[in-house]
2 protein chains.
Amino acid sequence: MSNFGRIASLRPPVAINLAERSAASSCGDCGARHHGMCDALSDEELIFLSGAAQHLSLPAGKLFMEEGEPAQYFYNVNSGTVRLFKALPDGRRQITGFAGPGHFIGLAGEMNMISAEAMEPVRLCRFSRAGLRSMLTEFPALERKLLDVAMHEIVLGQQQMLLLGRKTALERISSFLLSWAQRQEICGPGKLPRPHARLSLPLSRTDLADYLGLTIETVSRSLSHLKKQGLIEIPSIHEIVLLRPQALADIAEAAG
Amino acid sequence: MSNFGRIASLRPPVAINLAERSAASSCGDCGARHHGMCDALSDEELIFLSGAAQHLSLPAGKLFMEEGEPAQYFYNVNSGTVRLFKALPDGRRQITGFAGPGHFIGLAGEMNMISAEAMEPVRLCRFSRAGLRSMLTEFPALERKLLDVAMHEIVLGQQQMLLLGRKTALERISSFLLSWAQRQEICGPGKLPRPHARLSLPLSRTDLADYLGLTIETVSRSLSHLKKQGLIEIPSIHEIVLLRPQALADIAEAAG
DNA sequence: CGTGACATTGACTAGTATCAACCAAAGTGG
DNA sequence: CCACTTTGGTTGATACTAGTCAATGTCACG
């Protein structure tokens, strides 16, 4: 709201130079500055925060958090996309969500309850768990923000349970396309994208399958089916045009 | 700097006697006094809190929160069990979780994102959403507690997504039985119950099916199968004896 | 131009849903 | 008190969705 100004004039007592440099180079102009956690903080708070963070750059494919390992850190995504997943010993995998700029990773418990992997080159802020605790005490606004984010996470989880437990393959794909459009802010929450809206889809078919509880073959067939029906177009593997969003919505919610 | 303290205190000087009486009769000796939200508060805080709450008793089967309705209240369960679910227009239903003593219901958004129904006779504390906001400002410990609870909720949701997206019917049933044992505190978190542990199962087969993303027939068949294999016993519809928990765990996590 | 990774399409199979019969326990009413 | 109904659960036969296995296609890259 009022946080667009430069940070120069507001100074915390300690570690200023390092923190300020860090904040200037990595926080103030960060892609996530007005998303998620950081959006809940003022510029001066951010400078302080920045001192507690380590800034990491990871290559695509990097597994940086693994289910069952001791939980040492928590992360805030700056840029790129991360997949969160659980796996069974025989290799079956369920992606439980995707984390983009401003999203948190690794808040729960003494152990990591989930694995996290960069899908593209990713930049992250990393905090120690102890650091998180003191941050929460230091900045109560942060706690409120975290609670909001967690609530939203729960809602998304419930929607996904409905999808995984009760929807058919075609319904899953249709639901996914619409929710992904919302995620990309192509349309407002609860609204349909306009006809012919173009979606960029950084996921592989394997990711899609593991997110929707299907196989890649079924994903492929379902997409082909929607294409044949004239509801979507697939100009390239990572792009989908939603020709008739309303028709997709009808399938997604089994209306009519 | 932050909005901490901006919401005016609603401490009503006159209503204290009423509140105190209410706390004594309904909070201090409440079944949920040392669970969930209430466990985060001191006795005197609880007295205050009690003034903001309405105490409700609902019969089994009562639908008291409906997906899509404006979110007016939030609830804290005192006794009994509540099922939370989402449904599709054609009647398909997915139960996303169960709320027992100390659990919260209805924290997210302007609309209810989920429906809630009493499974047995249930006692609840009901708060207005405005009341919740002021409570959070008044008792920061509450916010921390809520965050903890929300985190746990997210972890459970992720486990359920793995179950719904990737496990077979037999694996789902086995997983469920073990997680239900943990819920009933028959064994510590992450531990197996002892052989021959007895589980009380207030759910109908329909609830079980809608929770596990199966049909009642498949639930029934899977239970029969486990019985035939000698892994469980079913002395009555609402009781199950876990004869060989380790074998169940092997199935649940597809080990071996 | 060949190679390898990823995606699509086809043929067949398996696991779960569906449809239907049967069963047991718990009311309900004459 | 006992037939009758209702409700919820189990078991069986069959159908169908999605999974598996395999061949083919496409595209990026050396």
Side-chain angles (χ1 to χ4, degrees), chain A residues 59-61 83 88 90-95 119-120 163-177 199-229 232-240 251 254, chain B residues 60-61 83 88 90-95 117 119-120 163-177 199-229 232-240 251 254:
Chain A
R83 65 179 151 245
L88 292 169
D90 64 3
R92 280 174 289 173
R93 190 177 74 149
Q94 179 66 42
I95 294 180
M119 295 171 66
E120 342 164 51
L163 182 148
L164 293 171
R166 287 304 185 211
K167 290 187 180 179
T168 66
L170 215 51
E171 289 165 357
R172 295 182 200 200
I173 295 284
S174 303
S175 300
F176 168 79
L177 290 174
L199 229 63
S200 97
L201 203 65
L203 320 191
S204 70
R205 296 292 186 261
T206 303
D207 284 335
L208 208 34
D210 285 347
Y211 183 52
L212 299 178
L214 300 168
T215 59
I216 54 172
E217 292 95 333
T218 300
V219 168
S220 190
R221 275 187 255 272
S222 302
L223 285 171
S224 298
H225 181 86
L226 291 176
K227 188 170 68 175
K228 235 172 291 180
Q229 301 292 308
I232 64 172
E233 239 167 38
I234 311 180
S236 84
I237 295 285
H238 292 294
E239 271 187 321
I240 294 189
I251 294 174
Chain B
R83 66 179 151 243
L88 292 169
D90 65 3
R92 281 175 288 173
R93 190 177 73 151
Q94 179 65 43
I95 294 180
E117 201 169 50
M119 296 172 67
E120 342 164 51
L163 181 149
L164 293 171
R166 288 304 184 207
K167 290 188 181 179
T168 66
L170 215 50
E171 289 165 358
R172 295 182 200 201
I173 294 285
S174 302
S175 299
F176 168 79
L177 290 174
L199 230 65
S200 98
L201 202 66
L203 320 191
S204 69
R205 295 292 186 262
T206 303
D207 284 334
L208 208 34
D210 285 347
Y211 183 52
L212 299 178
L214 301 169
T215 58
I216 54 172
E217 292 94 332
T218 300
V219 167
S220 189
R221 276 187 253 273
S222 302
L223 285 171
S224 298
H225 181 87
L226 291 177
K227 187 170 69 176
K228 236 172 288 179
Q229 302 291 309
I232 64 172
E233 240 167 40
I234 311 180
S236 84
I237 296 284
H238 293 294
E239 270 186 322
I240 293 190
I251 294 174

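Atoms considered below: every heavy atom in the structure, side chains included; atoms not considered: hydrogens, waters and symmetry mates. Each chain gets a letter, A, B and so on, in the order the sequences are listed, and its residues count up from 1.
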**OP:** Hey, could you give me the CG/CZ distance between A:L203 and A:R83, rounded to the nearest 0.5 Å?
**Re:**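 Between A:L203 CG and A:R83 CZ, I get 9.0 Å after rounding to 0.5 Å.
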Subject >> Gap separating the CD atom of A:Q94 from the CG atom of B:L163, nearest 0.5 angstrom >> reply: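 If we round to the nearest 0.5 Å, A:Q94:CD and B:L163:CG are 10.0 Å apart.
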How close or far is atom [atom2] of [N] from atom [atom1] of [X], stated in whole angstroms?
X: B:I216; N: C:dT16; atom1: CD1; atom2: P; answer: 16 Å
X: A:K167; N: C:dT16; atom1: NZ; atom2: P; answer: 21 Å
X: B:E239; N: D:dG9; atom1: CD; atom2: C1'; answer: 16 Å
X: A:L203; N: C:dA7; atom1: CG; atom2: P; answer: 10 Å
X: B:I237; N: C:dA25; atom1: CD1; atom2: P; answer: 9 Å
X: B:L226; N: D:dT10; atom1: CG; atom2: P; answer: 12 Å

Heavy-atom closest pair, residues [X] and [Y]:
X: B:I173; Y: B:L212; value: CD1-CD1, 3.7 Å
X: B:I251; Y: B:E171; value: O-CG, 3.2 Å
X: A:L214; Y: A:A169; value: CD2-CB, 4.0 Å

**OP:** Look at all strands and tell whether B:L214 reaches a base, only sugar-phosphate, or nothing, counting heavy atoms closer than 4.0 Å.
**Re:**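 Answer is sugar-phosphate: B:L214 comes under 4.0 Å of backbone atoms only.
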Original post:
What nucleotide among C:dT8, D:dT11, D:dG9 has an atom nearest to a side-chain atom of A:S224?
Top reply: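 Nearest listed nucleotide: C:dT8.
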Original post:
Out of C:dA17, D:dA22, C:dC19, which nucleotide sits closest to the side chain of A:E217?
Top reply: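 Nucleotide nearest to A:E217's side chain: D:dA22.
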Original post:
Quick one: is C:dT8 close enough that its OP1 or OP2 comes under 4.0 Å of any side-chain N or O from A:S220?
Top reply: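 Indeed, a polar side-chain atom of A:S220 lies that close.
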Original post:
Any side-chain N or O of A:T218 less than 4.0 Å from the OP1 or OP2 oxygen of D:dG19?
Top reply: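 Indeed, a polar side-chain atom of A:T218 lies that close.
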**OP:** Nearest-nucleotide wise, let me know which of A:T206 and B:A169 is further upstream toward the 5' end of DNA chain C.
**Re:**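 On the 5' side of the pair lies A:T206.
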Original post:
Of A:T168 and B:H238, whose nearest nucleotide on DNA chain D comes first from the 5' end?
Top reply: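 So the residue in question is B:H238.
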Original post:
Toward the 5' end of DNA chain D, which comes first, B:R221 or B:S204, by nearest nucleotide?
Top reply: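 Its nearest nucleotide lies further toward 5', so the answer is B:S204.
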